[in-house]
Amino acid sequence: MGTQTFFHHREEEQKEERQQRLQMTSMTSKKRFKTRNYKLRREAAILELEQRGQKRVCFGNEMEKLEEEVIKNCRLLRVRADRRALRRKAQREKEYIELRSGRAPMFWIPLRVHAVWERMEVTLTCTVLASPLPQVTWYKNGVPIDLRLAPAGKYKIKNKFGMLTLCISRCSMEDSAEYSVEIENQYGKAYSFATVLVRKYYGKESGFDSEIYRRSLIAREADFASSLKPLFSREKEPFTLSCYFTSDLLEHQRNITWFRDGELLQNSERQELKYQDQEASLTVPCAYKEDEGFYTIRVPSLGGCKEQTTYVFVRDAATESAGAPGSPLNVKCHDINKDCLTLSWIAPSHNGGSPILGYFIERCTAGSENWVPCNEKPVKTCRYPVLGLAKGQAYQFRVKAVNKAGISHPSKASDAVIIYDPSKAKRVTVIPYDEGRMIEISKDDLEGHIKIPLPPTNVHTSEVREDYVALAWDEPDPRGREPLQYYVEKSLVGSNSWQMVNLDMPVNSPRFALFDLVKGKQYRFRVRSVNKHGISEPSLPSQPITAGAKLAPLPPPSQVLAFRDTKTSVVLQWDKLKNDLEPLGYYIYCRETGTEEWQTVNNKPVIFTVPGLKAGKEYVFCVKSVGEAGLSESSPETDPITVRPAIARPSAPRGFVLLSCGKASMTIGWKPPKRKGGTKILGYFLDQHDASELDWHEVNIQPIPQRVYTVCNLEEGHLYEFRACAMNMAGVGEVSEPSDLFRCEEWTMPEPGPPYDVKFTEVRDSSLMLHWQAPLYIGAGPITGYYVDMCEEGTEEWKQINKQATATTHMKVSDLDTGKCFIFRVRALNKAGIGPPSLPSDPVVAKSKPGTNEIELGVDEEGFIYMAFEAPEKNDSSEFIWSKDYEGPPDADRVQTEEKGNKSKLILKEPSEKDLGIYSVEVTDVDDDISASCTLTQEDLDKLLKRSHEIRNPLIKLISGWNVDVLEKGEVRLWLEVEKLSPNAELHLIFNEKELTSTPTHKINFVKGKGLVELIIQNFCDDDKGVYTAQLQDGKAKNQFTLVLLDESKYLFSFIGPYFVENLKWKVTENCEVLLTCKVCTSMQCNCTITKADEGQYKAVVSDDRGEDDTQLDLIKGSRRTYLPIIPPALSASPLKIQPTDEGIKIYTDVKYYTDYMKTTWFHKEKRLEIRDRLKAGSTMNQIWLHILNPTDSDKGKYILELFDGNDSHKLSADLSGQGGHICSFPGRARVVQGLPDVATIMEDKTLCLTCCISGDPYPEITWFKNEKMIVFKDRYRMDVKGTVVTITIEKVCNEDTGKYSIYVKNKYGSETGQVTVSVYRHGEIPVGMEEKEVPSETMKRKPK
């Protein structure tokens, strides 16, 4: 019955589907199908079937499910068909509308002309109408604008809603051009044109009589007095960056702004911005690494903005423990949720000399200083999930790095973050109404029917690190009104058991991190939702995840290249990392050539320019990539590079002046460019312009090497203006601004023309040297002198410096106010009067620049007097120009110049009074003045000549002068001592103007290594009296020493009579007796033995017919001079002896008696022994001993016993090392005598026999080891012992038998080990070194020799 019902129902369904398909084909124009009638008919059919008593039951629930699934699929098919039909209709409608509305492009609002000031921004805008949207192309002077070829940020092009814009930033004179835009589609093209005119500021030059120009006349704008220098600060310390101006800032310049890495800085607790007394400053009270970077100061001006940039480097603070790493930086919070977040940071650039083992994280509530640790074990990557946070609470975090030497300082605290629910905004819908009011509808209010929650979905791992695995999932939808928490379960792959991870701590947010997973194991995870009504079913398991996957560090950059930038900086470039790896940044390290220590360039990995280098020095660089896993290895070192400015095109010449004028010619001069481009100026190109004409004309085709040129073929009475450009190796530089208009009229005035080329050198704190060139037009007579005028910058008050005219073209200006800026000009004088002033010089600040070098005056190793000057800032093309008395180069016959690197040396060939004067030097082809001078006076010359003579004529140093000694046999010894001499030293001994030679009666000894000279006279007589002179020469060094030995000399005395060579003295013998000794000149020695009973005063007398001598010694008890001592027993000690014992080795000495006050100390290999378990020391009345228990090879060596008796110390020694490298060759000691080789090589499946000989009494115990494990002799292993011969046999050797074998023998007197390495190779292989050594049989034996 059930089957019939099912088929009946199926037929009705198929019938309805056929009808539906017919309706779909005939009603495609309708918006939707009327499915309501279908439902009504179906309900009616079901009712009819029920009325007939036919129940729709088909095999229980399974047939019902099948029926529901069939109906569901039918509905899906109908929906898809509806959508496809609507899509086709919409496409046809769209094509029809486009076809009807298509039109050619046109400009609704065209481009318009713009005129802007230099360094301002201009935006060209137009509006277009076109359908379809046109293709847009912008042109400059007919050339398409390519953003890839233009400077970065120069152009910005936008196209929004038919409005086209072209933005040109920081306009320069080169941006003056005709700009056009072309729009094109399939129906046509359209064009629009506009001209952009960029003007210079300061009214007259721009042709405007504006308010700006009038304001510029009232007060001159302040400019930077000097450039910002790189600043080196230290972590946790304050620093101040100061910028000075030439005058007070005008009102429109007071809006000073500071930037760090392009980010605007504001006044806050972290930094203080000030302007006071022509100084703008930025102060950071407590520096962190995050404060490192490029700092820019920007000052408004009439010409736009003036700015300067420098780099501030923040060094690591001194660590509490030596070798600890630097602190991390850039701590940031990510993925903030209701109870957790993810923390990231950047590894420090300096690891302290050992690898960083990990990081510790600390947190505190914002506003407090109670820091709480977040992890117990150091985390190894620069990322960490922090759990257990409170919702609504604000937190701050900091990080510490740790290595084996210690922990770093904490990083800068992160910005405070508030823990919140990020999904709240998604669950709230805002409906605006009634002009500004809004209605908020939360999904929580619409899901109140959800009681027991649904399971989460999309459980996946967001991060897999070596220390943790971070999980994430989507909340169930619908979620319900009640707050949700989550339980996380884990399971090993292949196991069906699930373990709940956070039973004690439910998770509030759909994020969780698991720690302490077993590395290498694969896990799956699932999550359950829970609210107050109950717990959900588990979610679908995540994909299998392998725990403990170590994050590999990034590879280092490749192709690191260094390029010149400025005189103190270098630019680095390198290739991007392969495989599209994106590092967090790069750390740069530099090392000066010739040194081994690497310096950290940046502690903030955002720099590619290396500032603060020493000019002229040579450096190499390397780079490390910074990633989440830490730092990469170092890149290969760059080629060495010398720090010098990069070569660039020069700036424009300036300061044109008319120096002389004829009827049809003019002589023009000009100043050099301010920026020479780091190389020599090769010449200039000059253009002229007649005011009555429109076009400019070239004056010269070949470059002019000088800055003075006569322009011919001019029209008399016409007005002319000129412009020029400079050329160097990099190319032709900028064209200068046009000069003033000069009238071509012949000069006939009697006064001289203006001097020109006024410049200054040797700028110091209160003085400078001024130079100029004489006028080309001298007027009615020769030039008789010059007057120099000076004024402070910013004023028009000129002050004449010299009351009397100076006849030279140079003058030293002194008594200047340090730090002030001055301008100079010069006027020429002849008999007719004073001519017009020269063009004013460039402004100069009277202040010595940091690192200014002076001329060094000295004497070299060869004794030449020299003057040296070093200029690290010089360029490759720079030259050192020396002059004397500012009149020109010194006489080439009297001086010689040498250049090496950045140093020039002027050497005086034959110094004399003719060389006295002022010497100056100047470096060419540099932007800043590098010059110096020094005055060579007579006093200086005398000192230098004396020093030169000492170097060229050195003296041998005397240590001890002539001495006279009388030897034992009555010989007279004359000797002296000088410093150590070389083997080539020579001696000439002169006696009474005759050179002596060594004879048996007058023996001469000359010990060169000790500097000893001696003469031994056997029978001194009157003929030997006189003057002795020792003449010594060692290379250039010479000296002579004289001894006068005459009757009245203090050295002469009676050498003939007997005398005591050694006075009476006492010593103690081994038999504890006191021995009195004395020595006389006749080689006779007197001895006398006494005891305590013989106390008293002793006197010895020696005499013969020539005279007598005596000596005394007091041996009186209690006397202050001497006393009868307690006889020290240490002298009675016998030499050290060695004796084997049952426990080890005994070293001892026999004494006649031993007292408590004697101090004994044992030494082994010059180190004091400490008595411990294996070393026992002691003494008896007649013996002092050291007992070594169970001796080993480490006990070999020299043993010393030191005895101290209160006055002197006595040492006894013994060597504890036997023959053949064995410790203490005692007859009974267990030893491996011979037989085992170092290496034994054998083919597999053969039999190996190892044989050795042993010795020892009693017979030693024998043990064999393989790889330090005891061998059990069974199966293939067998050991045979025949007397002193021991053999181990291994049958059918295989690869497993390869290893290190050793035999260990031991008895009560000691032990010893013998070793051999066995190597087994396969059939057909020839082991290395064994090509010619084949094993002839299956047995390989090593027999003892």
Side-chain angles (χ1 to χ4, degrees), residues 648-662 665-689 696-712 714 720-742 747 752-761 769-778 783 786 809-810 823-828 835-844 875 877-879 881 883 886 888 922-931:
R649 294 187 300 172
S651 59
R654 58 217 162 81
F656 290 86
V657 61
L658 182 62
L659 301 178
S660 180
C661 188
S665 63
M666 288 182 177
T667 302
I668 305 297
W670 58 88
K671 292 182 179 180
K674 285 188 176 181
R675 301 186 308 277
K676 297 180 177 60
T679 185
K680 183 179 181 180
I681 299 294
L682 301 178
Y684 299 87
F685 294 98
L686 188 65
D687 297 339
Q688 70 178 34
H689 176 235
W696 286 80
H697 300 283
E698 295 179 350
V699 174
N700 61 305
I701 299 177
Q702 297 296 326
I704 305 168
Q706 300 85 15
R707 286 181 285 107
V708 176
Y709 191 75
T710 300
V711 183
C712 303
L714 302 178
Y720 290 91
E721 58 182 347
F722 301 89
R723 67 184 184 187
C725 58
M727 182 184 73
N728 63 8
M729 291 176 58
V732 179
E734 303 172 3
V735 178
S736 67
E737 295 296 321
S739 67
D740 295 335
L741 291 171
F742 303 125
W747 284 3
Y756 67 99
D757 200 14
V758 181
K759 64 177 184 177
F760 40 80
T761 59
M769 197 71 194
L770 201 65
H771 304 263
W772 61 88
Q773 297 293 330
L776 299 181
Y777 178 79
I778 61 174
I783 304 298
Y786 300 92
T809 57
H810 58 270
I823 301 175
F824 299 89
R825 69 182 186 185
V826 183
R827 294 172 293 157
S838 67
L839 203 66
S841 70
D842 294 333
V844 56
N875 300 322
S877 62
S878 297
E879 297 178 357
I881 306 298
S883 66
Y886 302 103
E922 181 181 357
V923 180
T924 64
D925 303 327
V926 291
D927 295 336
D928 299 326
D929 169 58
I930 303 177
S931 57

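Here the CG atom belonging to L659 is positioned 14.5 Å from the OH atom belonging to Y709, to the nearest 0.5 angstrom. F742 contributes atom CZ, which lies 9.5 Å from atom CD of E721 (distance to the nearest 0.5 angstrom). Taken from CD1 in I823 to CG in L839, the straight-line distance is 10.5 Å, to the nearest 0.5 Å. Expressed to the nearest 0.5 Å, how far CZ of F824 lies from CZ of F760 amounts to 8.5 Å. Here L714 contributes atom CG and Y720 contributes atom OH; the two are 4.5 Å apart, rounded to the nearest 0.5 Å. Note: L658 CG to I668 CD1 = 5.0 Å, rounded to the nearest 0.5 Å.
What you find for V732 and C725 is that their closest heavy atoms are CG1-SG, 3.5 Å. Heavy atoms only, all atoms of each residue included: A726 and S651 are closest at CB-O, 4.3 Å. Smallest separation of non-hydrogen atoms from S931 and E922: CB-CA, 4.2 Å. T924 and S878 get closest at one heavy-atom pair: O-OG, 2.8 Å. Residue S841 comes nearest to K671 through the heavy atom pair C-NZ, 3.7 Å, listed as atom of the first residue, atom of the second, then distance. Of all non-hydrogen atoms in S665 and C712, the two that sit nearest each other are CB-CA, 4.1 Å.
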For H771 and T761, what are the C-alpha separation, side-chain angles and deciding distance, and is it a side chain to side chain contact (heavy atoms under 4.5 Å, CB included)? CA-CA 8 Å; H771 304 263; T761 59; 2.9 Å; yes
Evaluate ring-ring contact (aromatic ring centres under 6.0 Å, His included) for Y684 paired with W670, printing each intermediate quantity in order. CA-CA 10 Å; Y684 299 87; W670 58 88; 5.6 Å; yes
For N875 and T679, run side chain to side chain contact (heavy atoms under 4.5 Å, CB included): C-alpha distance rounded to whole Å, both residues' side-chain angles, the deciding distance at 0.1 Å, then the answer. CA-CA 6 Å; N875 300 322; T679 185; 5.9 Å; no
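With contacts defined as side-chain heavy-atom distances shorter than 4.5 Å, the pair P650/N728 qualifies. Side-chain contact check for Y756 versus L776: some heavy-atom pair is nearer than 4.5 Å. Between I681 and P672 the shortest side-chain heavy-atom distance does not fall below 4.5 Å.
R827 contributes no side-chain N or O that, together with a main-chain N or O of Y786, makes up a donor-acceptor pair within less than 3.5 Å. Although no hydrogens or angles enter the test, the distance criterion places a donor-acceptor pair under 3.5 Å between the side chain of S877 and the main chain of K680. The backbone N or O of A652 lies less than 3.5 Å from no partner atom in the side chain of S736, so there is not a single donor-acceptor pair.
No more than 12 heavy atoms of other residues, nucleotides or ligands shown are found within 6.0 angstrom of CZ on R675. Enclosure of atom CE in M727 by more than 12 non-hydrogen atoms of other residues, nucleotides or ligands within 6.0 angstrom is indicated.
Every residue was checked against the side chain to side chain donor-acceptor pair (under 3.5 Å) condition with D925, not counting sequence neighbours, and none meets it. In this structure T809 satisfies the side chain to side chain donor-acceptor pair (under 3.5 Å) test with no other residue, sequence neighbours excluded. For R649, there are no salt bridge (charged side-chain N to carboxylate O under 4.0 Å, His left out) partners two or more places apart in sequence or in a different chain.
Using a cutoff of 4.0 Å between basic side-chain nitrogens and carboxylate oxygens, K674 and D842 are not scored as salt-bridged. Taking the charged nitrogens against the carboxylate oxygens, R723 and D687 do have a contact shorter than 4.0 Å, which makes a salt bridge.
Ring orientation note: the planes of Y886 and H810 are tilted relative to one another, at an angle of 30° to 60°.
Each of P836, P837, P755 was evaluated against R825; a single residue qualifies, P837, per the side chain to side chain contact (heavy atoms under 4.5 Å, CB included) test.
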